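Here is the structure we will look at.
Treat the numbers as computed from the prediction; the structure is a model and nothing was measured.
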Amino acid sequence: MVGKVITVAQQKGGSGKTTLAANLAVALSKRGKSVAVLDTDPQGSLGRWFMNRHAETDGETGLAFSTASAWGVSYECEKLIKAHDFVVIDTPPKIDADLRPALRASDLVIVPVAASHLDLWATESVLELAGREGRAVLLVLNRASSRARLTAKILSELDALDAPRAETTIGNRVAFAEGLGSGFSASEGPKSRASEEIGALTDEVSRLVGV
């Protein structure tokens with residue numbers, strides 16, 4: 001078995017990379033897929049989430065977890081994809097040569113874009129680097145503002161970029177922050193807008209990678 005690798009990358013901090021990676025990994029796992037998460041961000045936020053999850057579930061996390069520095073990503077991915085349907089990689093909020101191994105290993109690069117022009121501008125360098133590596137990209141409007149006018153404007157400008165945009169928009173919802181802090185995900189609580197959004201995005205990602 002050789003799995004699919006999904007990398008979540010964005011130059012600007014605060015885009016919700018780690019939250020999106022964790023929620024996507026759990027959603028795929030809940031659909032019967034074997035999933036590993038790989039934290040390559042020195043800040044270690046995905047790792048802290050996983051350890052909280054490990055403690056809260058008595059080790060029954062439903063996921064495998066690993067870490068790697070930039071140079072070790074290829075090696076770690078090579079091991080993980082042989083044993084899992086999906087590997088979800090969280091990356092540092094920077095765009096440089098250190099990101100290339102994660103991009104190179106990817107079947108799909110998800111680029112979360114928060115609803116601000118600063119995030120929109122930061123996206124172009126991610127797309128350029130992913131393009132150099134010849135990797136498929138999916139833009140996701142993440143942490144979308146409740147202000148409909150701003151959200152509509154950012155969506156319009158995302159559509160002008162040279163990359164496909166997910167039909168699903170992920171809102172700026174308390175459920176995501178609460179879940180991340182406790183080691184869980186939006187899809188593990190009561191049915192909510194947050195769980196519906198993650199479910200819809202998971203459908204799109206599954207179609208794109210052919211699983």
Side-chain angles (χ1 to χ4, degrees), residues 5-25 27 37-46 48-49 70 88-103 106 108-133 135-181 185-186 193-202 204-205 208:
V5 178
I6 300 169
T7 294
V8 185
Q10 175 56 284
Q11 179 178 14
K12 185 178 177 298
S15 64
K17 280 189 310 81
T18 301
T19 300
L20 196 59
N23 275 272
L24 182 60
V37 290
L38 178 58
D39 192 356
T40 68
D41 186 348
Q43 185 173 331
S45 297
L46 189 64
R48 292 190 67 176
W49 168 80
V88 180
I89 305 177
D90 189 26
T91 58
K94 60 180 181 178
I95 300 300
D96 58 21
D98 286 350
L99 181 61
R100 287 180 177 172
L103 296 181
S106 302
L108 178 66
V109 179
I110 294 179
V111 183
V113 185
S116 79
H117 283 91
L118 293 177
D119 286 75
L120 186 67
W121 298 333
T123 298
E124 294 177 5
S125 57
V126 189
L127 297 181
E128 181 181 356
L129 195 54
R132 289 179 188 172
E133 298 298 332
R135 297 308 175 206
V137 172
L138 182 67
L139 301 172
V140 177
L141 183 58
N142 194 36
R143 303 182 66 184
S145 170
S146 58
R147 292 175 290 175
R149 183 177 299 178
L150 175 60
T151 297
K153 183 172 180 57
I154 297 298
L155 283 172
S156 176
E157 296 192 30
L158 277 178
D159 288 339
L161 296 176
D162 188 22
R165 173 178 64 81
E167 295 179 10
T168 306
T169 294
I170 307 297
N172 188 17
R173 306 193 186 284
V174 173
F176 291 122
E178 290 179 341
L180 200 70
S185 74
R193 290 289 300 278
S195 64
E196 290 173 356
E197 289 166 358
I198 291 299
L201 180 62
T202 304
E204 291 193 58
V205 169
L208 283 171

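Among pairs with a residue in residues 137-146, none fulfils salt bridge (Lys or Arg N to Asp or Glu O under 4.0 Å), at least two apart in sequence or across chains. The side chain to side chain donor-acceptor pair (under 3.5 Å) analysis of residues 113-123, with sequence neighbours excluded, yields the pairs Q10-T123, K12-D119, S116-D119, H117-E157.
Considering all non-hydrogen atoms of both residues, V137 and A130 come closest at CG2-CB, 3.6 Å. N23 and S185 get closest at one heavy-atom pair: OD1-CB, 3.4 Å. Listed here is the closest heavy atom pair of A194 and A175: CB-CB, 3.9 Å.
From E133, atom CD reaches atom CZ of R100 across 6.0 Å, with rounding to the nearest 0.5 Å. Interatomic distance, Q11 CD to L129 CG, rounded to the nearest 0.5 Å: 10.0 Å. Distance check: I89 CD1 to S106 OG gives 5.0 Å after rounding to the nearest 0.5 Å. For the atom pair NZ of K153 and CG of L120, the computed distance is 9.5 Å after rounding to the nearest 0.5 Å.
Using a 4.5 Å cut-off on side-chain heavy atoms (C-beta onward), L20 and L201 make contact. By the 4.5 Å heavy-atom criterion applied to side chains, L208 and L138 are counted as neighbours. With a 4.5 Å cut-off on side-chain heavy atoms, D162 and L127 do not count as touching. At least one side-chain heavy atom of K17 sits under 4.5 Å from a side-chain heavy atom of T91. Looking only at side-chain heavy atoms (C-beta outward), V111 and V140 stay at 4.5 Å or farther from each other. In this structure, the side chains of T7 and L108 stay at 4.5 Å or more apart for every pair of heavy atoms. Looking at T151 and L141, their side chains come closer than 4.5 Å, going by heavy atoms from C-beta outward. The shortest distance between side-chain heavy atoms of I170 and F176 falls below 4.5 Å.
Of the possible donor and acceptor atoms, none in the side chain of E197 sits under 3.5 Å from a partner among the backbone N and O of T168. Of the possible donor and acceptor atoms, one in the side chain of S125 sits under 3.5 Å from a partner among the backbone N and O of A122. In this structure, R165 contributes its side chain and L139 its backbone to no donor-acceptor pair below 3.5 Å.
Shown here are the salt bridge (charged side-chain N to carboxylate O under 4.0 Å, His left out) partners of E128, two or more places apart in sequence or in another chain: R132. Looking at residues two or more places apart in sequence or on another chain, you find a side-chain contact (heavy atoms from CB on, under 4.5 Å) between T202 and L24, A27, L28, R31, I198, S206. Residues satisfying the salt bridge (charged side-chain N to carboxylate O under 4.0 Å, His left out) criterion with R193, sequence neighbours excluded, are absent altogether.
In the displayed structure, R48 atom CZ is contacted under 6.0 Å by at most 12 heavy atoms of other residues, nucleotides or ligands.
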All N/O donor-acceptor pairs, side-chain side in residues 38-46, below 3.5 Å, sequence neighbours left out:
residue, atom, partner, partner atom, Å
D39, OD1, D41, N, 3.1
D39, OD2, L46, N, 3.4
D39, OD2, G47, N, 3.0
T40, OG1, D90, O, 2.8
D41, OD1, Q43, N, 3.0
Q43, NE2, S45, OG, 3.3

